[in-house]
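A quick write-up on the structure given underneath.
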There are 2 protein chains.
Amino acid sequence: MRSPASDIGPEANPDVDPVEEVLHRLRERGGRITTSRRILLRCLFEKGPHRTAEELAAEVQSVAPDVHLSTIYRNLDELERLGVIVHAHLGHGPATYHLATETHGHLVCEMCGGEMEAPEGFFRDLTAAAQREYGFVIDPRHFAMLGRCAACAEAVEATS
Amino acid sequence: MRSPASDIGPEANPDVDPVEEVLHRLRERGGRITTSRRILLRCLFEKGPHRTAEELAAEVQSVAPDVHLSTIYRNLDELERLGVIVHAHLGHGPATYHLATETHGHLVCEMCGGEMEAPEGFFRDLTAAAQREYGFVIDPRHFAMLGRCAACAEAVEATS
DNA sequence: GTCGATGCAAACGTTTTGCACACTG
DNA sequence: CAGTGTGCAAAACGTTTGCATCGAC
């Protein structure tokens, strides 16, 4: 029987701060542990919604005002190469970044700009069909599905 | 019984040049018929693959060298508002434009950049599920599905 | 002659890059 | 001390806009 503390899940071990774990992996690759990287990683692990590079920069800068937007971009690239985060394109604006462990897709309304998350399983049949028919391996996290949300679709029907 | 000439399909009537038909619709809306519009429309109706604004500009300029890229953008916007064309985002680069009558989706390989077309029916189940579960009306033409094409997916597996 | 369309240049928003300096290990 | 990361400025990229002029009707 395992200790009671470890029963709350594999990621809940208080001894392994995920931020520090990633920093260590960075160092093993020959990278350096810097303050901006630590702060950026905390932002990425802490909060909920997907954020753009600019939004992340603002959050980081509220703690360390001198961190430059280009540093954010460079570190986001690095973290993506490491497989810690991924970016997704939701509509026409800037890309958004989130943890690679979040495996949902996105539905984005092209009228109101609203975003919904769609669970991974939502795309299972489509990805299976693409695999089967074309050998194509779809990554349902990277793209947003554009269209009209329920409210906007209703509004359009009311007009016509 | 209809005349033999009309039997080859509703769009095949040689008396109605689709370019001129669109130009007329533009004029009915208060727009003007200009040379750049006519040439751009010919390009859009003539050739096969999806093209970016820059590629279309190059084609137009091979006939009328003074047509500016901004004119192309403005006319593409106008034609999209008219419902004649649509644009789609295939990966990270510039948008591509094609006739609204082409109703397929796109599979884009994020490794080699290759593009495949996926028939409209390919997305039927997904769009139906989105509609049913979320009331969300997906437009499967506007977005590309990113992933790995058969060749690149194989190459990745060979590495691992 | 009216008003919409165009050419040009300049701005835009997002992201990348070149360089000198600062800091980590 | 070596070499990576950073701040800054500037460029790159695709796209949009302001403005004077041109051209369709």
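Here is how names work: the chains are called A, B, and so on, in the same order as the sequence lines, proteins then strands, and each is numbered from 1.
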Exercise. Are more than 12 heavy atoms from other residues, nucleotides or ligands located less than 6.0 Å from atom CD of A/Glu54?
Worked result: no
For this session: Answer yes or no: are there more than 12 heavy-atom neighbours, outside A/Glu133 itself, under 6.0 Å from its atom CD?
Result: yes
Taking atom [atom2] of [N] as reference, at what distance in whole Å does atom [atom1] of [X] sit?
X       : N      : atom1 : atom2 : answer
A/His92 : C/dT14 : NE2   : P     : 13 Å
A/Asp77 : D/dT6  : CG    : C1'   : 15 Å
A/Gln61 : D/dT6  : CD    : P     : 13 Å
B/His89 : D/dT15 : NE2   : P     : 8 Å
B/His87 : D/dG14 : NE2   : P     : 15 Å
B/Leu41 : C/dA5  : CG    : C1'   : 14 Å
A/Leu76 : C/dT17 : CG    : P     : 15 Å
B/Leu82 : C/dG4  : CG    : C1'   : 15 Å

Exercise. With nearest nucleotides of DNA chain D determined for A/Leu26 and B/Ala95 from heavy-atom distances, which residue corresponds to the more 5′ nucleotide?
Worked result: A/Leu26
For this session: Specify the residues of residues 105-112 of chain B, ordered by number, for which at least one heavy atom lies under 4.0 angstrom from an atom of DNA chain C.
Result: none
Problem set entry | Close approaches to DNA chain C from residues 63-72 of chain B, in residue order (heavy atom, under 4.0 Å) | B/Asp66, B/Val67, B/His68, B/Ser70, B/Thr71
Exercise. Is A/Arg74 side chain donor-acceptor paired with the C/dG18 base, going by distance under 3.5 Å alone?
Worked result: yes
For this session: Ignoring hydrogens and angles, answer whether the base of C/dG4 and the side-chain atoms of B/Arg29 contain a donor-acceptor pair closer than 3.5 Å.
Result: no
Problem set entry | Heavy-atom side-chain contact between B/Cys149 and B/Leu107 under 4.5 Å | no
Exercise. Side chains of B/Val19 and B/Leu44: closer than 4.5 Å at any heavy-atom pair?
Worked result: no
Exercise. Does B/Tyr73 put a side-chain nitrogen or oxygen below 4.0 Å from OP1 or OP2 of D/dT16?
Worked result: no
For this session: Report yes if at least one side-chain N or O of B/Ser36 is closer than 4.0 Å to OP1 or OP2 of C/dA5; otherwise report no.
Result: no
Exercise. Contact class for B/Gly30 vs. all strands (heavy atom < 4.0 Å): base, sugar-phosphate, or nothing?
Worked result: sugar-phosphate
Side-chain donor/acceptor pairs under 3.5 Å, residues 114-126 of chain B, sequence neighbours excluded:
from	atom 1	to	atom 2	distance (Å)
B/Glu117	OE2	B/His104	NE2	3.4
B/Glu120	OE1	B/Thr103	OG1	3.3

For this session: Kindly point out which of C/dT14, C/dT6, D/dG5 is positioned nearest to the side chain of A/Pro94?
Result: C/dT14
For this session: Any chance you could list the contact pattern along nucleotides 20-25 of chain D? Use B for base contacts, S for sugar-phosphate-only contacts and - for none, protein heavy atoms under 4.0 Å, 5' to 3'.
Result: ---BBS
For this session: Quick one: list whatever passes ring-ring contact (aromatic ring centres under 6.0 Å, His included) with B/Phe45, sequence neighbours left out.
Result: none
Problem set entry | Residues which pass ring-ring contact (aromatic ring centres under 6.0 Å, His included) with B/His92, listed by chain and number, not counting sequence neighbours | A/His87, A/His89, A/His142
For this session: List the steps, then state whether side chain to side chain contact (heavy atoms under 4.5 Å, CB included) holds for B/Thr96 with B/Arg51.
Result: CA-CA 5 Å; B/Thr96 65; B/Arg51 279 149 296 166; over 6 Å; no
